[in-house]
Amino acid sequence: MDQTAHHSRAPEDLIVAVALAATWFVYLFGGLYVLGPVLGVGLTGLLFARVYLTGDGVETREVRSIPSGVLVWIAGMLVMLLALEVGHMNQNLGLGQTIKSTIGWAKGWALLALFPLIGACMCIRVETIIRAAGWVALGTLLLTPVFLIAPMAGLPEVLFVSPLKFVGGPGPEFFAVQLYSIEPTDGSTRLRYFTPWSPAAGMIGNMYLIFALSDKRKFWKWVGILSALAMIWTSKSRLALAAAMFIWPVVIAVGETKRPAMWFAATLGLLMLTPMAQGILDWIDATLSSVKSMRADSTRVRELLGEIAIDRWWNEAPIWGHGVVERGPHAVEYMPIGSHHTWFGLLFVKGAVGAMALAIPLAWSLIEFALLAVTRSKAGRIAFGMVLLMSFYSIGENLEILAYLIWPGLITMGIAARELQQANTDSGERALKSDLFVT
């Protein structure tokens with residue numbers, strides 16, 4: 001148990017604050033892809049060291065029990081590893097490829113379990129993440145005009161690729177310092193900020209929007225909102241725009257379900273909108289068609305990649321998958337089969353087992369954090385928004401490949417799971433006391 005002063009700041013809280021606030025600084029050295037896994041493994045090592053030292057009677061900080069929601073994520077990611085190993089064995093991919101893929105699992109899928117574990121069992125505050133996110137937002141807001149002016153000033157798209165690329169990664173874009181990118185279809189400028197590609201910037205912008213809307217400090221709240229909207233808008237990602245319009249209103253609605261005024265407003269709104277229902281449906285349909293036509297070639301490639309992935313998964317390796325991604329044909333511009341979509345990628349690479357290993361934890365957390373958000377918990381709302389964002393983006397990105405960027409949201413999910421476990425414990429204790437009193 002915790003034998004240290006209650007008012008001293010936990011080292012992990014400070015480490016998380018510095019690591020997040022230094023996002024732009026680390027990016028300028030091309031080190032973000034390294035920072036995420038190192039932070040996850042390092043803090044998990046600290047957690048295990050505390051468990052070991054506590055067992056020996058050494059005074060150390062409190063090590064909290066693992067909430068059931070986090071255990072589900074741990075189990076799911078271990079099943080993901082099992083699917084990877086069996087898939088490699090079934091496809092006779094060899095020991096070298098199996099080791100390489102296992103390392104890839106450790107830098108991707110494993111982080112989806114490690115960071116919630118860290119948030120749940122270590123002394124990290126949600127306010128720490130919100131405040132550090134504010135510094136990232138400030139840097140984003142100041143640099144956005146620079147990135148927009150860069151192509152007009154004739155500056156190169158990529159300034160340099162960090163030597164850190166030799167540690168291994170999905171590609172050089174994860175270690176590149178890039179000012180902007182040019183859309184080949186129409187020549188427009190898209191920004192990617194500190195992410196590997198522009199659509200990913202839209203996702204991270206939505207994550208920072210969730211943090212900003214939870215900040216009680218007015219100045220930092222508006223800095224966060226403006227910078228997040230800048231990321232979303234300049235990424236020119238259709239999915240990012242849809243997520244920004246959908247996720248936070250749902251989070252607010254769920255958080256206010258206990259208030260009668262919310263139900264009254266919802267009922268009144270439905271009554272007023274009923275006569276216009278058909279017009280609204282037509283407008284939504286026209287909007288979706290317009291969004292798809294913005295980059296028709298991209299939509300076509302994505303749809304064809306999905307069709308190929310599903311067909312080959314079902315006919316060749318339905319249970320355990322193919323083990324690794326494969327290069328697609330010319331019709332999809334040689335893009336890897338299963339890319340641009342978490343579920344198609346999982347089915348193709350890890351089969352039905354891998355898809356269920358992610359679907360169950362996501363569904364569990366969605367329900368769990370929705371219940372916590374109803375209590376108007378700040379961590380609960382952020383975690384619910386984060387799970388919604390992950391679910392939303394699972395149809396347009398491969399989640400595991402961006403785990404090194406979404407770690408602040410994953411830690412908050414762990415903090416929320418800890419709050420929910422504590423609330424359930426307190427509720428159980430009150431019920432027990434009530435029963436004893438009656439007896």
Side-chain angles (χ1 to χ4, degrees), residues 36-52 63-91 93 95 97-122 170 313 317-325 338 342-343 345-369 383 386-387 390-391 394 398-404 406-407 409-418 420-421:
V38 168
L39 186 66
V41 173
L43 288 178
T44 302
L46 177 60
L47 174 62
F48 287 166
R50 283 182 182 167
V51 173
Y52 177 79
V63 177
R64 299 176 174 91
S65 60
I66 305 175
S68 56
V70 175
L71 285 173
V72 171
W73 277 99
I74 294 172
M77 297 309 104
L78 289 175
V79 170
M80 199 77 75
L81 177 61
L82 174 65
L84 182 148
E85 304 295 340
V86 175
H88 278 64
M89 183 174 62
N90 289 345
Q91 300 296 323
L93 294 176
L95 180 61
Q97 181 61 57
T98 301
I99 293 173
K100 181 180 178 181
S101 297
T102 302
I103 294 172
W105 169 86
K107 294 189 293 185
W109 291 116
L111 298 183
L112 298 185
L114 291 185
F115 281 117
L117 174 66
I118 291 164
C121 299
M122 303 188 81
W313 158 69
I319 306 301
W320 299 102
H322 293 79
V324 292
V325 297
T342 295
W343 302 109
L346 275 176
L347 289 172
F348 183 80
V349 177
K350 297 181 175 65
V353 174
M356 291 302 295
L358 176 63
I360 292 173
L362 267 181
W364 181 291
S365 293
L366 199 63
I367 296 170
E368 191 172 60
F369 296 144
M386 190 62 202
V387 177
M390 290 171 65
S391 303
S394 66
N398 294 89
L399 293 179
E400 84 283 3
I401 213 167
L402 298 178
Y404 78 102
I406 63 173
W407 65 264
L410 296 173
I411 287 181
T412 307
M413 287 167 56
I415 295 172
R418 181 179 75 207
L420 186 61
Q421 178 178 256

Residues 104-112 side chain polar contacts: donor-acceptor under 3.5 Å, at least two apart:
residue	atom	partner	partner atom	Å
W105	NE1	M77	O	3.1
K107	NZ	G168	O	3.1

Quick one: does I103's side chain get under 4.5 Å of I99's, heavy atoms only?
-> yes
Closest heavy-atom pair, L399 versus S394, reported as atoms and distance to 0.1 Å, is CD1-CB, 4.2 Å
Exercise for the section: Answer yes or no: is there a side-chain heavy-atom contact under 4.5 Å between V353 and V79? Expected result: yes
| Backbone of K350 reached by a side-chain donor or acceptor of W320 within 3.5 Å | no
Would M390 and L410 satisfy side-chain contact (heavy atoms from CB on, under 4.5 Å), going step by step from the backbone distance to the final call? CA-CA 10 Å; M390 290 171 65; L410 296 173; 4.1 Å; yes
Notebook entry, point to check: Do L420 and E368 pass the side-chain contact (heavy atoms from CB on, under 4.5 Å) test, and can you show the C-alpha distance, the side-chain angles, and the key distance before you say yes or no?
Noted result: CA-CA 8 Å; L420 186 61; E368 191 172 60; 2.8 Å; yes
- Side chain to side chain, H88 and V324, heavy atoms closer than 4.5 Å: yes
Closest heavy-atom pair, A355 versus L347, reported as atoms and distance to 0.1 Å, is CB-CD2, 3.7 Å
Check: L358 versus W343: any side-chain heavy-atom pair under 4.5 Å?
Finding: yes
Of all heavy-atom pairs linking H322 and Q91, the shortest is O-CG, 3.2 Å
Shortest non-hydrogen pair, G36 vs F115, comes out as O-CZ, 3.3 Å
Nearest heavy-atom approach of A83 to G354 is CB-N, 4.3 Å
Next on the checklist: Side chains of L46 and M122, heavy atoms from C-beta outward: is any pair under 4.5 Å?
Outcome noted: yes
Return a table of donor-acceptor pairs under 3.5 angstrom between the side chains of residues 65-75 and protein atoms on other chains or two or more places apart.
residue	atom	partner	partner atom	Å
S65	OG	Q421	NE2	3.1
W73	NE1	S365	OG	2.7

| task | Measure the shortest side-chain to side-chain distance between Y404 and L39 over non-hydrogen atoms and say whether it is less than 4.5 angstrom. | result | no
Taken to the nearest 0.5 Å, the spacing of L82 CG from L78 CG works out to 9.0 Å
Any side-chain donor paired with an acceptor under 3.5 Å for E85 and T102?
yes
